[in-house]
Amino acid sequence: MSAYLVRRLIHLVPTFLGATFLAFFVLQIAPGDFLTQWALDPKIRPETIERMRHNFGLDRPLLLQYLIWLKNLLHGDLGVSFMYQRPVLEVVWPRIENSLILVGLSILFLYLIGIPIGIYQALRPYTLPDYVISFFAYFGLAIPNFFFMLILIFLFVKFKFAFGWTPFPIGGMTSQGFEQLAPWRQWVDILWHAILPAFVVVTADLSGLTRVMRAQVMEVLGQDYIRTARAKGLAERVVLYKHALRNAVIPILANIGGLLPGLIGGAGLVEVVANWPGITPLLLDALLQQDLYVNVGIIALSSLLLIVGNILGDLLLAVVDPRIRYG
Amino acid sequence: MRNAIRLVIGLSVLLTAGALAQVFTWPAKWTTAKPGEAKPGGTLVDYTISDFRTMNPFITAEADSIPDRMTMNDSGLVIRDPTTGEWIPYMATSWEVSEDQTEITFKIRKGMKWSDGKPITADDWIMTYRIHMDPDVGSNSRDSFFIGDKPVTVEKIDDYTIKFVYPKPDAEAFAIASFSPWPAHVFGPVYEEKGAEGIKAMWGLNEDPKNIVTWGPFVVESYRPGERVIFKKNPYFGEWNQDEAGNPLPYLDRYQVNIYKDINAALAAFLTGEVDIFGPSTVEHIAQIKKAVKEGKLDATLKVNASPVASSQFVVFNWNKAKDPFKEKLFRSAKFRKAMSHLINRQAVVDVVYGGLGTPMYGSVYPVLTQWINKDAPKYPYDPEKAAQLLAELGFKKKDKEGYLVDAEGRRLEFNLSTNAGNNQREQIAKLFVDEAKKVGVKINFRPIDFNTLVGQLLAKGPDRPFDAIIIGLTGGGLDWPFGSNVVPCKGNLHLWNRSGTCLDPRETLMEALYYKGRTTLDFKERVQIGYKLQEVEGDLQPIVYIAGPNYHVAWNNKLAGFHPDEIISSIWGAYELPLLFQAK
């Protein structure tokens with residue numbers, strides 16, 4: 001087992017190097033750089049732009065830039081953001097924290113809603129409730145998140161016009177006067193803001209999870225040991241929850257490792273539309289402005305988490321499923 | 001004896017109070033508020049589209065920044081009177097211009113204090129200037145202290161006197177001196193000890209707001225990344241800024257700026273009353289605000305078409321095409337460019353692209369700079385017949401099988417046009433141009449390309465540059481001398497049509513000479529006359545074919561009052577003076 005772990009960790013190095021070099025290379029072959037946006041500004045002299053390009057190290061050969069970045073990475077330094085003139089981690093971290101809240105809440109929603117629904121459907125396959133639930137789950141999958149969020153905002157603005165208040169806030173992460181609230185009230189306030197966008201994020205993933213859960217439970221219920229359990233007179237509740245469910249959730253548990261990069265990857269364009277100050281709006285800005293080290297930094301962090309997440313997933317699988325052994 | 005001491009103390013307090021009395025009185029004509037109407041208290045909620053990047057005034061590079069918001073857009077010794085456009089003393093009380101017009105000595109207003117209570121003196125300007133000028137700091141303001149290649153210098157005479165020395169007389173002398181000071185007692189020790197690196201590490205977004213110091217009406221109270229920044233009233237500002245009734249300014253207690261990544265989110269916030277001020281930029285925005293007001297859901301004032309904005313859209317033809325002499329000759333011909341100007345249906349551009357809310361343009365001076373516009377400068381408005389006639393004079397008389405014009409040697413009148421992909425307005429302008437050109441037999445191959453590639457092509461130097469024609473825009477251009485220092489002179493890097501490094505047309509040489517003449521003429525009226533002449537030459541040369549620009553609109557929630565009178569609401573003066581706004585409801 002530990003040999004396996006060591007091998008996986010060694011594999012990590014070339015994967016990580018490959019991913020970051022590719023990111024570095026692709027980002028740099030796009031025409032222009034961070035300073036191009038000022039080239040047409042009548043107030044800035046071209047020699048100033050050249051001097052800044054030199055100061056930022058953008059006039060060096062690509063490979064050299066990458067090696068310097070790698071060297072700094074070994075010291076825990078992801079480079080300096082051109083936009084903010086601050087270390088990348090300092091710029092990125094508060095945004096990752098914000099995304100974590102949203103993504104964490106939506107994952108919680110996902111499992112709380114998705115697993116019971118999947119079981120419910122598996123117990124009544126090919127009936128009207130099964131079809132109705134599937135329909136809505138696919139609807140959530142089909143509608144783009146950002147668009148769904150826009151529709152909700154539109155509806156809530158209409159609601160506010162009609163009644164003068166809204167059950168959920170229209171965008172943002174905190175209310176006016178947030179700074180004056182007591183700490184526990186601040187948390188309530190943030191959660192209250194997060195519910196709507198988290199719900200929208202869940203709609204996209206719900207169909208996938210319920211389908212997997214439904215198929216798993218149905219498959220397990222057809223197994224011999226379930227028949228045995230029923231035959232020896234166990235209550236249906238015990239059969240379902242003690243014998244069937246434990247086996248049915250294995251692939252879902254194994255998937256948890258895969259959620260890790262998603263946690264810092266943010267909730268995508270929903271964050272932009274809902275005005276949630278997560279990582280996506282920052283990444284969009286950084287891409288548009290070609291803020292090289294912010295982009296590479298985010299990619300490096302998420303590829304690292306992806307690799308670690310996969311390892312964790314495999315280990316978790318071995319823990320929950322005694323049939324699996326790594327050697 | 002004790003009484004005598006008390007008397008002396010009393011007197012000295014009175015005297016100090018007397019020294020504080022160098023007050024700047026904000027004229028009542030800058031606001032619609034009736035005298036005595038304004039009450040203290042309340043909050044203004046504004047918004048911005050992109051998040052702030054720093055609180056550090058020396059490294060900020062964005063159009064909208066926290067340091068600018070704290071200092072009323074980088075105001076300083078002098079500000080402009082929005083009713084006249086003239087420079088008036090602000091943090092200075094008076095100035096003297098030397099006889100050869102290369103030195104201006106400012107008397108600094110006495111009794112001004114930083115938001116931490118320390119006095120504001122000449123040292124603050126000197127330190128601010130020194131840090132801006134340090135190339136290692138990388139301040140975006142550094143270039144503004146240069147005239148040509150020579151720097152402007154700033155000297156301290158005494159604590160309340162400061163002298164600006166210019167390499168030559170300059171129309172923008174006051175604009176150069178108008179920068180905002182920053183506290184020497186905060187930045188100075190760090191700069192002396194750690195140099196540029198020390199300065200760059202200061203006042204990031206995670207700085208404790210307690211350490212932020214400004215002279216302006218509001219100082220940072222809190223910042224939440226990607227959400228909002230809140231400023232609170234600077235109590236020392238009111239000691240030297242008062243209204244005509246003698247009330248201290250600003251009236252408002254707080255000034256909040258919400259950050260919305262998406263303009264629709266900002267509009268939704270304005271419509272629901274969360275944001276107090278909104279800058280509509282499309283017909284759709286205006287329609288939604290009008291509807292909300294009409295249905296009684298929103299109590300707001302909307303000013304549509306308040307003025308044109310200070311930006312331009314234009315077509316530029318490349319004069320440097322050594323490898324294609326046919327096109328080079330064509331693009332260097334003023335007659336050809338005039339014909340192209342006749343093919344641009346500017347009214348259609350305004351109607352289609354800007355939904356009727358725009359202004360046609362014929363020259364480089366933005367229409368909003370009304371004092372500078374020479375109405376008699378040559379114009380070549382939409383007229384396809386005249387265009388055809390001019391093209392015939394250039395030898396394009398016959399049409400080929402496909403209906404395009406050809407010259408005597410059978411060469412077709414055809415060129416490529418591009419603009420930055422994703423800019424819908426420019427793409428629409430290009431399509432209108434292509435359609436009109438096709439009608440008279442000019443073939444334009446339009447292909448939008450990536451912005452950075454486009455910039456690379458535009459700024460390429462030398463005798464052969466890789467494009468035919470490009471639609472693009474520039475912003476900026478001052479009220480003192482509205483011609484670009486790197487656009488008009490032939491060596492300028494934004495002399496977009498000809499980057500060979502030398503003037504190719506005698507009219508270019510003349511424009512360059514007039515540019516420098518105007519730039520060094522300090523008398524305003526004389527300078528305007530030179531500007532008129534420059535516009536005549538420019539009109540005749542048509543180095544750039546100007547198209548149109550959008551208009552400026554503004555809307556505000558009526559719970560606030562104290563906005564500008566209608567005459568001075570414009571893209572240049574904005575809709576209000578921050579210290580004069582107050583909560584009406």
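Values below: every heavy atom of this structure, side chains too, minus hydrogens, waters and symmetry copies. By convention in this document, chain letters (A, B, ...) are assigned in the order of the sequence lines, proteins followed by strands, and residues within each chain are numbered from 1.
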Could you list the residues that satisfy side-chain contact (heavy atoms from CB on, under 4.5 Å) with A:D205, not counting sequence neighbours?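 side-chain contact (heavy atoms from CB on, under 4.5 Å) list for A:D205, sorted by chain: A:L110, A:V201.
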Residues which pass side-chain contact (heavy atoms from CB on, under 4.5 Å) with A:W38, listed by chain and number, not counting sequence neighbours: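 A:W38 satisfies side-chain contact (heavy atoms from CB on, under 4.5 Å) with A:F34, A:L35, A:D41, A:I44, A:I49, B:A61, B:N140 only.
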Nearest heavy-atom neighbours spanning [X] and [Y]:
{"X": "B:T453", "Y": "A:P31", "answer": "OG1-CG, 3.1 Å"}
{"X": "B:F52", "Y": "A:Y84", "answer": "O-CE2, 3.5 Å"}
{"X": "B:N493", "Y": "A:A39", "answer": "ND2-O, 4.0 Å"}
{"X": "A:S175", "Y": "B:R228", "answer": "O-NH2, 3.2 Å"}

Against chain B, work out which of [options] has the most heavy-atom pairs shorter than 4.5 Å and name it.
{"options": "A:L282, A:T174, A:T36", "result": "A:T174"}
{"options": "A:R86, A:Q37, A:E90, A:K160", "result": "A:R86"}
{"options": "A:G171, A:G32, A:P46, A:P94", "result": "A:P46"}

Using distance alone, with no hydrogens and no angle criterion, decide if A:Q85 and B:T54 have a side-chain donor and acceptor under 3.5 Å apart.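 A:Q85 vs B:T54: no donor-acceptor pair found between side chains.
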Any chance [atom1] of [X] has more than 12 other-residue heavy atoms, nucleotides or ligands included, within less than 6.0 Å?
{"X": "B:D208", "atom1": "CG", "result": "yes"}
{"X": "B:F145", "atom1": "CZ", "result": "yes"}
{"X": "A:W187", "atom1": "CH2", "result": "no"}
{"X": "B:K290", "atom1": "NZ", "result": "no"}

Would you please go through residues 253-261 of chain B and name the residues with a non-hydrogen atom below 4.5 Å from one of chain A, in numerical order?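 Heavy-atom contacts from residues 253-261 of chain B to chain A are B:Q256, B:I259, B:Y260, B:K261.
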Set out, in order, the CA-CA distance, both residues' side-chain angles and the distance that settles side chain to side chain donor-acceptor pair (under 3.5 Å) for A:N98 and B:E227, then state yes or no. CA-CA 11 Å; A:N98 291 346; B:E227 288 193 83; 5.3 Å; no
Heavy-atom proximity to chain B below 4.5 Å, by part of [X]:
{"X": "A:T166", "answer": "neither"}
{"X": "A:Q289", "answer": "side chain"}
{"X": "A:Q176", "answer": "both"}
{"X": "A:R51", "answer": "side chain"}

Would you mind reporting whether [Y] and [X] have side-chain heavy atoms less than 4.5 Å apart?
{"X": "A:F161", "Y": "B:L298", "result": "no"}
{"X": "A:T48", "Y": "B:F146", "result": "no"}
{"X": "A:I170", "Y": "B:T272", "result": "yes"}

Quick one: what part of B:L459 sits under 4.5 Å from any heavy atom of chain A, side chain, backbone, both or neither?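 For B:L459, the contact with chain A is made by the side chain alone.
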Tell me which of these, B:A292, B:G456, B:S50, B:P135, has more heavy-atom pairs under 4.5 Å with chain A than the rest.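 Among B:A292, B:G456, B:S50, B:P135, the one with the most close pairs to chain A is B:P135.
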Among the options B:D262, B:I59, B:L494, pick out the one with the most heavy-atom pairs lying under 4.5 Å from chain A.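 Answer, by heavy-atom pair count under 4.5 Å with chain A: B:L494.
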Whether B:R53 and A:D291 form a salt bridge (side-chain N of Lys/Arg under 4.0 Å from carboxylate O of Asp/Glu) is what I want to check.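 B:R53 and A:D291: not salt-bridged.
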Neighbours of chain B found in residues 149-158 of chain A - heavy atoms under 4.5 Å: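 So far as heavy atoms go, A:V157, A:K158 are the residues that approach chain B to under 4.5 Å.
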So B:R224 and A:E179, side-chain contact (heavy atoms from CB on, under 4.5 Å) or not? Walk me through it. CA-CA 10 Å; B:R224 289 185 59 80; A:E179 285 74 11; 3.3 Å; yes
Would you find a donor on one side and an acceptor on the other, under 3.5 Å apart, between the side chain of B:D143 and the backbone of A:R45?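 Answer holds: yes.
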